[in-house]
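Scroll down for the structure; my scribbles are underneath it.
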Amino acid sequence: MGHIARWTPALQTQLHVRADDDSEFGVANTGTAAVGYAVSPNLRLMGSVGTAFRAPTLYQRGSVYGPDLSKPGVAALQPERGQNLELGLRFSQEALSVTATAYRNRITELIVFGQAGACSSEFGCYENVARARLQGLHVDAQYGLGIGS
(Lines give C-alpha, C1' and ligand atoms only; values in the text may rest on other atoms or scores of the structure.)
Protein backbone atom coordinates (compact mmCIF):
# COMPACT_ATOMS: atom_id res chain seq x y z
CA MET A 1 0.00 0.00 0.00
CA GLY A 2 1.37 3.41 -0.82
CA HIS A 3 0.58 7.08 -0.88
CA ILE A 4 2.09 9.90 -2.91
CA ALA A 5 1.45 13.52 -1.95
CA ARG A 6 2.42 16.72 -3.74
CA TRP A 7 2.41 19.39 -1.02
CA THR A 8 3.64 22.24 -3.20
CA PRO A 9 4.81 22.36 -6.82
CA ALA A 10 8.35 21.76 -5.47
CA LEU A 11 7.71 19.26 -2.62
CA GLN A 12 6.56 15.67 -3.05
CA THR A 13 6.47 12.80 -0.52
CA GLN A 14 5.85 9.07 -0.79
CA LEU A 15 4.98 6.53 1.88
CA HIS A 16 4.76 2.79 1.24
CA VAL A 17 4.03 -0.05 3.68
CA ARG A 18 3.91 -3.80 3.15
CA ALA A 19 3.17 -6.85 5.30
CA ASP A 20 4.63 -10.20 4.25
CA ASP A 21 3.20 -13.33 5.89
CA ASP A 22 5.68 -16.14 5.33
CA SER A 23 4.50 -19.61 6.39
CA GLU A 24 7.93 -20.44 7.83
CA PHE A 25 9.22 -17.09 9.09
CA GLY A 26 6.02 -15.29 10.12
CA VAL A 27 4.91 -11.73 9.49
CA ALA A 28 7.38 -9.03 8.48
CA ASN A 29 6.27 -5.43 8.13
CA THR A 30 8.38 -3.19 5.88
CA GLY A 31 8.08 0.30 4.50
CA THR A 32 9.65 3.25 2.77
CA ALA A 33 9.34 7.00 3.26
CA ALA A 34 10.71 9.31 0.57
CA VAL A 35 10.82 13.03 -0.11
CA GLY A 36 11.79 15.05 -3.16
CA TYR A 37 12.28 18.80 -3.37
CA ALA A 38 12.82 20.85 -6.52
CA VAL A 39 15.42 23.46 -5.56
CA SER A 40 15.08 24.96 -9.04
CA PRO A 41 13.54 23.86 -12.35
CA ASN A 42 16.80 22.00 -13.12
CA LEU A 43 17.86 20.70 -9.69
CA ARG A 44 16.06 18.22 -7.42
CA LEU A 45 17.05 16.86 -3.98
CA MET A 46 15.78 13.40 -3.00
CA GLY A 47 15.98 11.21 0.09
CA SER A 48 14.48 8.02 1.41
CA VAL A 49 14.59 5.63 4.36
CA GLY A 50 13.20 2.14 4.40
CA THR A 51 13.21 -1.39 5.72
CA ALA A 52 13.40 -4.72 3.88
CA PHE A 53 12.67 -8.42 4.35
CA ARG A 54 13.64 -11.33 2.09
CA ALA A 55 13.08 -14.97 2.94
CA PRO A 56 15.50 -17.53 1.49
CA THR A 57 14.19 -19.15 -1.70
CA LEU A 58 13.28 -22.83 -1.88
CA TYR A 59 16.35 -23.36 -4.08
CA GLN A 60 18.64 -21.73 -1.53
CA ARG A 61 17.16 -23.92 1.21
CA GLY A 62 16.56 -27.22 -0.58
CA SER A 63 19.15 -27.69 -3.33
CA VAL A 64 22.58 -29.31 -2.94
CA TYR A 65 23.83 -25.77 -2.23
CA GLY A 66 21.47 -25.28 0.72
CA PRO A 67 22.48 -26.08 4.29
CA ASP A 68 22.66 -29.83 5.03
CA LEU A 69 20.81 -29.84 8.35
CA SER A 70 21.87 -33.45 9.02
CA LYS A 71 25.45 -32.22 9.59
CA PRO A 72 26.28 -31.25 13.18
CA GLY A 73 26.29 -27.52 13.86
CA VAL A 74 24.71 -26.54 10.53
CA ALA A 75 21.82 -24.08 10.93
CA ALA A 76 18.93 -23.39 8.57
CA LEU A 77 19.04 -20.21 6.49
CA GLN A 78 17.38 -17.21 8.09
CA PRO A 79 15.62 -14.37 6.26
CA GLU A 80 17.44 -11.15 5.45
CA ARG A 81 16.30 -7.98 7.15
CA GLY A 82 17.56 -4.57 6.18
CA GLN A 83 17.48 -0.85 6.79
CA ASN A 84 18.40 1.56 4.03
CA LEU A 85 19.05 5.24 3.55
CA GLU A 86 19.48 7.11 0.25
CA LEU A 87 20.26 10.75 -0.51
CA GLY A 88 20.37 12.03 -4.05
CA LEU A 89 20.66 15.00 -6.35
CA ARG A 90 19.34 15.22 -9.92
CA PHE A 91 20.29 17.84 -12.49
CA SER A 92 18.40 18.01 -15.77
CA GLN A 93 18.52 20.45 -18.62
CA GLU A 94 17.07 19.85 -22.06
CA ALA A 95 18.28 16.39 -23.20
CA LEU A 96 20.80 15.91 -20.35
CA SER A 97 20.05 14.33 -16.99
CA VAL A 98 22.64 13.52 -14.28
CA THR A 99 21.74 11.85 -10.99
CA ALA A 100 24.04 11.08 -8.04
CA THR A 101 22.70 8.89 -5.22
CA ALA A 102 24.56 8.00 -2.04
CA TYR A 103 23.25 4.88 -0.29
CA ARG A 104 23.85 2.93 2.89
CA ASN A 105 22.16 -0.41 3.57
CA ARG A 106 22.54 -2.36 6.81
CA ILE A 107 21.53 -5.99 6.49
CA THR A 108 21.26 -8.74 9.09
CA GLU A 109 21.43 -12.39 7.99
CA LEU A 110 22.53 -11.52 4.43
CA ILE A 111 22.31 -14.66 2.27
CA VAL A 112 25.53 -15.26 0.32
CA PHE A 113 27.12 -18.11 -1.61
CA GLY A 114 30.06 -19.09 0.56
CA GLN A 115 32.56 -21.89 0.85
CA ALA A 116 31.75 -25.59 0.81
CA GLY A 117 31.25 -27.59 3.99
CA ALA A 118 27.77 -26.82 5.31
CA CYS A 119 26.03 -28.46 2.33
CA SER A 120 26.50 -31.50 0.10
CA SER A 121 28.11 -29.52 -2.76
CA GLU A 122 31.87 -29.33 -3.09
CA PHE A 123 31.60 -25.99 -4.91
CA GLY A 124 30.03 -23.89 -2.17
CA CYS A 125 26.94 -23.36 -0.06
CA TYR A 126 24.37 -20.70 0.72
CA GLU A 127 24.89 -19.25 4.18
CA ASN A 128 23.96 -16.24 6.30
CA VAL A 129 26.33 -13.41 7.13
CA ALA A 130 25.30 -12.03 10.52
CA ARG A 131 25.78 -8.35 9.60
CA ALA A 132 26.64 -6.57 6.39
CA ARG A 133 26.84 -2.97 5.27
CA LEU A 134 26.51 -1.97 1.63
CA GLN A 135 27.31 1.64 0.87
CA GLY A 136 28.39 3.71 -2.05
CA LEU A 137 27.63 6.32 -4.64
CA HIS A 138 25.70 5.62 -7.82
CA VAL A 139 26.01 8.13 -10.67
CA ASP A 140 23.77 7.97 -13.71
CA ALA A 141 23.94 10.22 -16.78
CA GLN A 142 21.56 10.21 -19.74
CA TYR A 143 21.54 12.22 -22.91
CA GLY A 144 18.73 12.06 -25.44
CA LEU A 145 20.02 12.13 -28.99
CA GLY A 146 16.59 12.78 -30.45
CA ILE A 147 17.01 10.06 -33.08
CA GLY A 148 13.72 8.76 -34.37
CA SER A 149 11.54 11.43 -32.80
Side-chain angles (χ1 to χ4, degrees), residues 1-6 11-39 42-93 95-145 147-148:
M1 179 170 70
H3 181 71
I4 299 173
R6 184 175 297 275
L11 179 64
Q12 181 177 336
T13 58
Q14 295 182 24
L15 180 64
H16 301 274
V17 294
R18 175 179 170 150
D20 288 297
D21 189 0
D22 186 279
S23 60
E24 186 172 345
F25 299 108
V27 175
N29 297 312
T30 58
T32 301
V35 63
Y37 182 75
V39 177
N42 302 89
L43 192 61
R44 183 169 187 80
L45 292 169
M46 304 160 292
S48 68
V49 295
T51 57
F53 170 86
R54 188 178 80 82
T57 66
L58 289 175
Y59 184 78
Q60 289 170 329
R61 289 185 282 169
S63 72
V64 296
Y65 305 107
D68 184 349
L69 300 179
S70 68
K71 293 183 176 183
V74 174
L77 287 176
Q78 296 301 307
E80 297 176 351
R81 297 179 190 274
Q83 299 171 340
N84 53 63
L85 171 66
E86 291 187 2
L87 298 171
L89 185 64
R90 177 179 299 137
F91 173 80
S92 57
Q93 185 171 359
L96 175 66
S97 174
V98 179
T99 304
T101 306
Y103 62 90
R104 181 177 182 142
N105 299 331
R106 292 182 180 175
I107 304 168
T108 57
E109 303 298 346
L110 178 67
I111 299 169
V112 299
F113 193 76
Q115 57 187 328
C119 62
S120 56
S121 168
E122 62 186 55
F123 299 108
C125 310
Y126 288 107
E127 61 189 16
N128 287 110
V129 173
R131 289 190 172 101
R133 183 176 65 210
L134 310 173
Q135 62 186 21
L137 177 66
H138 176 85
V139 178
D140 178 69
Q142 298 179 17
Y143 185 79
L145 299 175
I147 298 173

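Along the sequence shown, the residues carry numbers beginning at 1.
When every heavy atom of Thr57 is checked against every heavy atom of Arg54, the shortest pair comes out as CG2-NH1, 4.1 Å. For the pair Pro67 and Leu77, the tightest heavy-atom approach, listed with the atom from each and the gap, is CG-CG, 3.7 Å. Taking each heavy atom of Gln78 and Asn128 in turn, the nearest pair found is N-OD1, 2.8 Å. Ala5 and His3 make their closest contact through CB-NE2, 3.9 Å (heavy atoms, listed as atom of the first residue, atom of the second, distance).
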Pair up each side-chain donor or acceptor in residues 96-123 with any protein partner under 3.5 Å, not counting sequence neighbours, and list the distances.
residue: Thr99; atom: OG1; partner: Arg90; partner atom: NE; Å: 3.2
residue: Thr108; atom: OG1; partner: Arg81; partner atom: O; Å: 3.4
residue: Ser121; atom: OG; partner: Phe123; partner atom: N; Å: 3.0

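Note on ring orientation: taking the six-membered ring where Trp is involved, the planes of Tyr126 and Tyr59 are perpendicular (angle over 60°, cut-offs 30° and 60°).
In this structure, the side chains of Thr32 and Leu15 stay at 4.5 Å or more apart for every pair of heavy atoms. Taking the side chain as every heavy atom from C-beta outward, Leu87 and Met46 never approach each other to under 4.5 Å. Residues Tyr37 and Val35 form no side-chain contact, since every pair of their non-hydrogen atoms from C-beta on lies 4.5 Å or further apart.
For Gln14, the side chain to side chain donor-acceptor pair (under 3.5 Å) test picks out His16, with sequence neighbours left out. Considering only residues two or more places apart in sequence or on other chains, Arg61 meets the salt bridge (charged side-chain N to carboxylate O under 4.0 Å, His left out) condition with Glu24. Looking at residues two or more places apart in sequence or on another chain, you find no side chain to side chain donor-acceptor pair (under 3.5 Å) involving Asp22. Asp20 pairs by the salt bridge (charged side-chain N to carboxylate O under 4.0 Å, His left out) definition with Arg18, not counting sequence neighbours. Among residues two or more places apart in sequence or in another chain, the side chain to side chain donor-acceptor pair (under 3.5 Å) test is passed with Ser23 by none.
Taking CD of Glu80 as the start and CZ of Phe25 as the end, the distance is 11.0 Å to the nearest 0.5 Å.
No donor-acceptor pair under 3.5 Å is formed between the side chain of Asn29 and the backbone N or O of Ala19.
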- Item | Steps toward side-chain hydrogen bond (donor to acceptor under 3.5 Å, both in side chains) verdict (Gln142, Asp140) | CA-CA 7 Å; Gln142 298 179 17; Asp140 178 69; 3.2 Å; yes
